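Since the structure is predicted, the reported quantities are computational estimates derived from the model, not experimental observations.
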Amino acid sequence: MLQPKKSKYRKQFRGKRRGVAARGTTVAFGDYGLQATTAGWVNSRQIEAARKKITFMTKRNGKYWIRVFPHKPITSKPVGVKMGSGKGAIDTHVAVVKPGMVMFELAGVTEEVANEAFRKAGHKLSVQTTIVKK
């Protein structure tokens, strides 16, 4: 799973998910991209599942780029623990995704293969997506 090597602070606030993406909204590296249309958190397991689906569908032809990284630590307390007694331990890491952000890119494959790979990869993510071309 993807996670930061180290961070300045161990735990973070949850934050807001308002607005649209300010950068990372165009296809920069490849020919096709998978763009988010809704806001949300995409955890490291979802990113890995989408990556595996893309490599499987393209039969390891072409090249892909992952444009999101799970920087944000999310904490959770064990089931059955009473209120209070501080914040829980880090459970997972998520990437904050806003509408318009291009999350994955592909190059070196046909448009049909890219569309099918991104369609199936989009089902693995917790945000709604669309496929964009350069």
- Using the test side chain to side chain contact (heavy atoms under 4.5 Å, CB included), find all partners of Lys8 that sit at least two apart in sequence or belong to another chain. none
- Note on the structure: Sequence neighbours excluded, the answer for side chain to side chain contact (heavy atoms under 4.5 Å, CB included) partners of Thr75 is Lys11, Lys87, Ile90
Could you tabulate the donor-acceptor pairs under 3.5 Å formed by side-chain atoms of residues 42-58, not counting sequence neighbours?
residue : atom : partner : partner atom : Å
Asn43   : OD1  : Arg45   : N            : 3.1
Asn43   : OD1  : Gln46   : N            : 2.9
Gln46   : OE1  : Asn43   : N            : 3.3
Gln46   : OE1  : Ser126  : OG           : 3.1
Glu48   : OE1  : Arg51   : NE           : 3.1
Glu48   : OE2  : Arg51   : NH2          : 2.8
Arg51   : NH1  : Tyr64   : OH           : 3.2
Thr55   : OG1  : Arg51   : O            : 3.3
Thr55   : OG1  : Lys52   : O            : 2.8
Thr58   : OG1  : Ile54   : O            : 2.9
Thr58   : OG1  : Thr55   : O            : 3.4

- Taking only residues two or more places apart in sequence or in another chain, which ones pass side-chain hydrogen bond (donor to acceptor under 3.5 Å, both in side chains) with Glu116? Arg119
Solution key, residues 101-113 side-chain donor-acceptor pairs under 3.5 Å, sequence neighbours excluded:
residue : atom : partner : partner atom : Å
Glu105  : OE1  : Ala28   : N            : 3.4
Glu105  : OE1  : Phe29   : N            : 2.7
Glu105  : OE1  : Gly30   : N            : 2.7
Glu105  : OE2  : Ala28   : N            : 3.1
Glu105  : OE2  : Arg67   : NH1          : 2.2
Thr110  : OG1  : Val113  : N            : 3.4
Glu111  : OE2  : Lys133  : NZ           : 3.3

- Query: Of all residues at least two apart in sequence or in a different chain, which pass the salt bridge (Lys or Arg N to Asp or Glu O under 4.0 Å) check with Lys77?
  - Reply: none
- Item | Set of residues satisfying side-chain hydrogen bond (donor to acceptor under 3.5 Å, both in side chains) with respect to Gln12, sequence neighbours excluded | Lys72
- Query: What side-chain hydrogen bond (donor to acceptor under 3.5 Å, both in side chains) pairs are there with at least one residue in residues 16-29, not counting sequence neighbours?
  - Reply: none
- Taking all atoms of both residues into account, what is the closest heavy-atom pair of Val127 and Ala36, and its distance? CG2-CB, 4.2 Å
- Message: Under 4.5 Å side-chain heavy-atom separation, chaining through any Ile, Leu, Val, Met, Phe, Trp or Tyr, what else clusters with Val96? Say none if it is isolated.
- Response: Trp41, Ile74, Val94
- Task: Only counting residues at least two apart or in another chain, list the ones meeting side chain to side chain contact (heavy atoms under 4.5 Å, CB included) with Thr130.
- Result: Gln35, Thr37, Val132
- Message: Quick check: do Trp65 and Lys63 have side-chain heavy atoms less than 4.5 Å from each other?
- Response: yes
- Query: So, for Pro70 and Pro4, which heavy atoms are closest and what is the spacing to 0.1 Å?
  - Reply: O-CD, 3.5 Å
- Query: So which residues get pulled into Val20's cluster when ILVMFWY side chains under 4.5 Å apart are joined, directly or through others?
  - Reply: none
- Query: Is Tyr32 linked to Val27 within one hydrophobic cluster, defined over Ile, Leu, Val, Met, Phe, Trp and Tyr using a side-chain heavy-atom separation of less than 4.5 Å?
  - Reply: no
- Query: Which ring pair (Phe, Tyr, Trp, His ring centres under 6.0 Å) pairs, counting each pair once, include a residue from residues 67-97, with sequence neighbours left out?
  - Reply: Phe69-His71
